[in-house]
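Computed from a prediction, not measured in an experiment: that's the story for all the values here.
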Amino acid sequence: EDRKLGMKKNPLSVEEQNSLMHQVRIKNLRSHLLIIPAVSYFLFPIAEAQGVLMDYASWQAVDWWTVARDILVSIAVNDTGFYWGHRILHHPLLYSRFHKQHHDFKHPQAEGAEWAHPLEDALCNIVPTILGPMLLGSHLYTVSAFLALRLWKASDAHNGYTLPFPLSIFHQWPGSLSGEMHFYHHEVNQGCFGAFTLFWDWATGTDVTFYATKRQLAASDQLGRAH
C-alpha cells in the first residue's frame with residue numbers, strides 16, 4: 001500500500017470506474033485482435049522494403065551491439081514523437097476532441113494505457129513506436145523486444161504503483177520517466193508529457209510543476225510530523 005500513487009481521491013465512483021474499465025477491455029480486444037493484425041498485414045511489404053529481416057537464420061547474424069543500438073535509438077525516436085504529439089494534443093483546440101478520452105482516468109489503470117482516440121493512437125502510440133525500427137531496418141526479433149519493452153513501460157506508467165525491481169525496471173533507470181510523474185500528469189492534467197525518459201520534460205521545463213508539488217508535499221509532511 002505504501003507504493004500506491006496519488007495525491008487526490010479518485011473522483012470516479014466504483015460504478016463509473018467499472019463501466020469505464022468495461023469499455024477499455026472491449027477497445028483493447030478490438031485493437032489487439034482486429035486492428036493491429038490488419039495494420040501489420042499492410043505494413044509487411046513496407047517493412048520488407050526497409051530491409052526488416054524476419055527469419056531465424058538472419059537473426060543469428062545480428063550482433064548484440066546492433067540490437068542495443070536499435071533499441072536505444074527506437075526509445076529516443078519514440079520518446080520524441082510521443083512527447084511532442086502528446087503535448088500538441090493538450091492544446092485547447094485539440095484536447096477535448098482528441099485527448100480527453102485518455103484522461104477519463106484521473107487515477108490511471110494499466111489496462112487503460114491504450115484507452116485513446118484513434119487519432120491519438122496513431123499520432124502518439126503507433127507512429128512513434130514503429131518509426132525507429134522501420135528507419136533502422138531492425139530485425140523482427142529486435143522489433144518484438146522493443147514492442148514488449150514499450151508495452152511494459154506504458155503499463156508501468158499507468159498501474160498506479162511504484163513497483164519494485166524486477167516488476168519494474170524503469171524506476172531504477174537514471175533519467176527514466178517514473179510512473180509517479182505520469183500519475184501526476186493524469187491527476188492535474190499538465191506537465192510530464194514524456195514516455196520513456198525525462199529529457200524533453202527537462203529540456204522544455206514541463207516537469208517544473210511536478211517537482212514544485214513534490215517539494216510542497218514534502219514540506220507539509222515534515223510540518224505535520226513536527227506538530
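- The closest donor-acceptor contact from the side chain of Ser74 to the backbone of Asp70 lies under 3.5 Å.
- Proximity of a side-chain donor or acceptor of His139 to a complementary backbone N or O of Val62 within less than 3.5 Å is not detected.
- For an aromatic pair to be called close, the ring centres must be under 6.0 Å apart, and His117 with His99 fails this.
- We find the CD1-CG distance between Ile169 and Asp156 to be 9.0 Å, quoted to the nearest 0.5 Å.
- From Phe98, atom CZ reaches atom NE2 of His91 across 13.0 Å, with rounding to the nearest 0.5 Å.
- In this structure, the separation between OH on Tyr95 and CD on Glu120 is 9.5 Å, given to the nearest 0.5 Å.
- Using a distance-only test at 3.5 Å, with no hydrogens or angles considered, a donor-acceptor pair links the side chain of His158 to the main chain of Ala154.
- Side-chain atoms of Tyr211 and Arg215 include no donor-acceptor pair closer than 3.5 Å.
- Remark: aromatic rings of Phe82 and Trp200 are distant, center separation not under 6.0 Å.
- For the pair Ile71 and Thr142, the minimum side-chain heavy-atom distance is below 4.5 Å.
- Remark: side-chain polar atoms of Ser19 are not paired, donor with acceptor, to backbone N or O of Glu15 under 3.5 angstrom.
- Counted by atom type alone, Asp201 and Thr206 present one or more donor-acceptor pairs between their side chains at under 3.5 Å.
- For the atom pair Gln109 CD and Asp104 CG, the distance stands at 12.5 Å (nearest 0.5 Å).
- His185 and His90 have their aromatic ring centers within a separation under 6.0 angstrom.
- A heavy-atom distance below 4.5 Å is found between the side chains of Trp84 and Arg87.
- With contacts defined as side-chain heavy-atom distances shorter than 4.5 Å, the pair Thr204/Tyr83 qualifies.
- Counting only N and O atoms by type, the side chains of Asn28 and Ser31 include no donor and acceptor under 3.5 Å apart.
- Checked by atom type and distance alone, the side chain of Asp207 never pairs as donor or acceptor with a backbone atom of Cys192 at under 3.5 Å.
- Side chain of Asp79 to backbone of Thr197: a donor-acceptor contact under 3.5 angstrom is found.
- Closest heavy-atom contact between His103 and Asn189: CE1-OD1, 3.2 Å.
- Trp59 CH2: more than 12 foreign heavy atoms inside a 6.0 Å radius.
- Surrounding NZ of Lys100 are at most 12 heavy atoms belonging to other residues, nucleotides or ligands under 6.0 Å away.
- Here Asn78 contributes atom CG and Ile75 contributes atom CD1; the two are 8.0 Å apart, rounded to the nearest 0.5 Å.
- Proximity of Thr80 to Phe199: side-chain heavy atoms (C-beta onward) are nowhere separated by under 4.5 Å.
- A donor-acceptor pair under 3.5 Å is absent between the side-chain atoms of Lys27 and the main chain of His22, judged by distance alone.
- How far CG of Leu89 is from OG of Ser96: 11.0 Å, rounded to the nearest 0.5 Å.
- Ring pair Tyr184/Phe210 is perpendicular by interplanar angle, where above 60° counts as perpendicular and below 30° as parallel.
- Remark: the backbone N or O of Trp152 is not paired with any side-chain donor or acceptor of Ser155 at under 3.5 angstrom.
- Contact of the Phe146 side chain with the Pro133 side chain is registered, since non-hydrogen atoms from C-beta on lie closer than 4.5 Å.
- Of the possible donor and acceptor atoms, one in the side chain of Gln50 sits under 3.5 Å from a partner among the backbone N and O of Met134.
- Within 6.0 Å of CZ on Arg97 lie no more than 12 heavy atoms contributed by other residues, nucleotides or ligands.
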